[in-house]
Protein chains: 2
Amino acid sequence: MDEETDGVLQNKPVARELDAIDRKILGVLVDDATVSYAELGERVCLSPPAAHERVKRLRRSGAIRGTAVIIDPKAVKKPLLTFVHIDTKGWGKTPELMAVSQYPEVEEIHSVAGDTCMLLKVRTEDTRALEGLLARLYETPGVTSTRSYVVLSTYLERPVQPGVTTEWPTPRHMATPLY
Amino acid sequence: MDEETDGVLQNKPVARELDAIDRKILGVLVDDATVSYAELGERVCLSPPAAHERVKRLRRSGAIRGTAVIIDPKAVKKPLLTFVHIDTKGWGKTPELMAVSQYPEVEEIHSVAGDTCMLLKVRTEDTRALEGLLARLYETPGVTSTRSYVVLSTYLERPVQPGVTTEWPTPRHMATPLY
DNA sequence: TGTTGTCGCGGAATTTAATTCGGCCACTAT
DNA sequence: ATAGTGGCCGAATTAAATTCCGCGACAACA
């Protein structure tokens, strides 16, 4: 009797551990989210409604954040991929940097440890457009320097994979970590 | 009578320019690819079959590469995001590096210009798993050094956007480019 | 300037898939 | 033991995808 008596929604944040079937489902849907529940069920040995129920649960729990089409960058005139490292004077200036997130050529903004403060992934039509973006960055208060890594070729690019991390033995020259 | 008489497939590589409606469609489907053609059509002022036809064309042309669910990295035990820069002795050693693409924790592999040769985006469960991956990298022939940028916070991360690049005036201190 | 072919669209019909429903079985905790 | 729970299946229902066909705009061409 202690369940969702608060009414409105029974969408409890189901944050359960994923089992093998869940990971299989994620593997299929990361490859192609347009498969029918019939085929999805067949691939993971479940009936269509059962597969549907699983996917619903994965969505509710947040394991599946959403579904999106993958666009060819060249098709939308953004063939040039660049990673931009930014050094800033202080951490408080990040709000100004966030304005950059409004530009459609900026795909990712990360705060990183290392000899740089921010890391941006940007796609532009050409070096001219990249220059424009960098000009905007230099005008941002707090930005002291930037380094750009222009991508020549992309050998692999894929969404987050459900696969588990491969176990690897501790290198022979290293001691077993304490924790 | 000069059309696809070669039979088999009439999937000609329709590589036409995208118009405004196509870009709107991409914008909707990048946000949420689960919308029905009825709603998609309504959002871009088209009938459901017309919207369907457009999307089919975008798929055939390759502008839409596929559809995928977006997985929460934390849900699959990969909360730690790291960008790894690799310097190599020669370019010929890349085939060896490609073996790395088999590991599920590696999401991207790029060849970049700048003071590094390769750039990897990897997601691991923890620093221990990252250490294991780096150990594997160091054992790869040709790898001379690596630098890791551990991501502390991610402020923006999204798929390729169809939005056009913002026009930006040439900075005052720069001359108009010749081409 | 008329004509013909093409292309994209809309409305209706049809097929297919998503979603709901009810009952069953295995497991758990009391 | 036993009531409760959760997940599954099969069938039924609802909703959406997909096909079909005719229309009108546009372009190439006579």
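Naming: A, B, ... by sequence-line order, numbering from 1 per chain.
Residues A:Tyr138 and A:Thr146 have side chains that bring a donor and an acceptor to within less than 3.5 angstrom of each other. B:Arg59 and B:Thr67 form a side-chain donor-acceptor contact under 3.5 Å, judged by distance and modelled atom types alone.
Picking from C:dG10, C:dT20, D:dC8 the nucleotide with the shortest atom distance to the side chain of A:Leu46 gives D:dC8.
Classification of A:Lys121 and B:Glu107 as a salt-bridged pair fails, no side-chain N sitting under 4.0 Å from a carboxylate O.
Across residues 31-39 of chain B, not one residue has a non-hydrogen atom less than 4.0 Å from an atom of DNA chain C.
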*asked:* For B:Asp87 and B:Ser145: C-alpha separation, side-chain torsions, deciding distance, then whether side-chain hydrogen bond (donor to acceptor under 3.5 Å, both in side chains) applies.
replied: CA-CA 5 Å; B:Asp87 288 311; B:Ser145 69; 3.1 Å; yes

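Counting to the nearest Å, the P atom of D:dA17 and the CD atom of B:Glu53 are 15 Å from each other. Taking atom CG on B:Leu40 and atom P on D:dA15, their separation rounds to 20 Å, with Å as the unit.
Phosphate contact (OP1/OP2 of D:dG7, side-chain N/O of A:Lys56, threshold under 4.0 Å): absent. Between B:Arg57 and C:dG8 there is a side-chain polar atom (N or O) within less than 4.0 angstrom of OP1 or OP2. Put simply, B:Arg54 has a side-chain N or O that comes within less than 4.0 Å of OP1 or OP2 on C:dC9. Here B:His52 reaches the OP1 or OP2 of D:dT18: one of its side-chain N or O atoms lies under 4.0 Å away.
Two residues are said to be in side-chain contact when any heavy atoms from C-beta on lie closer than 4.5 Å; B:Glu105 and B:Leu133 meet this criterion.
Looking only at distances, a side-chain donor or acceptor of A:Thr140 sits under 3.5 Å from a matching main-chain atom of A:Arg136.
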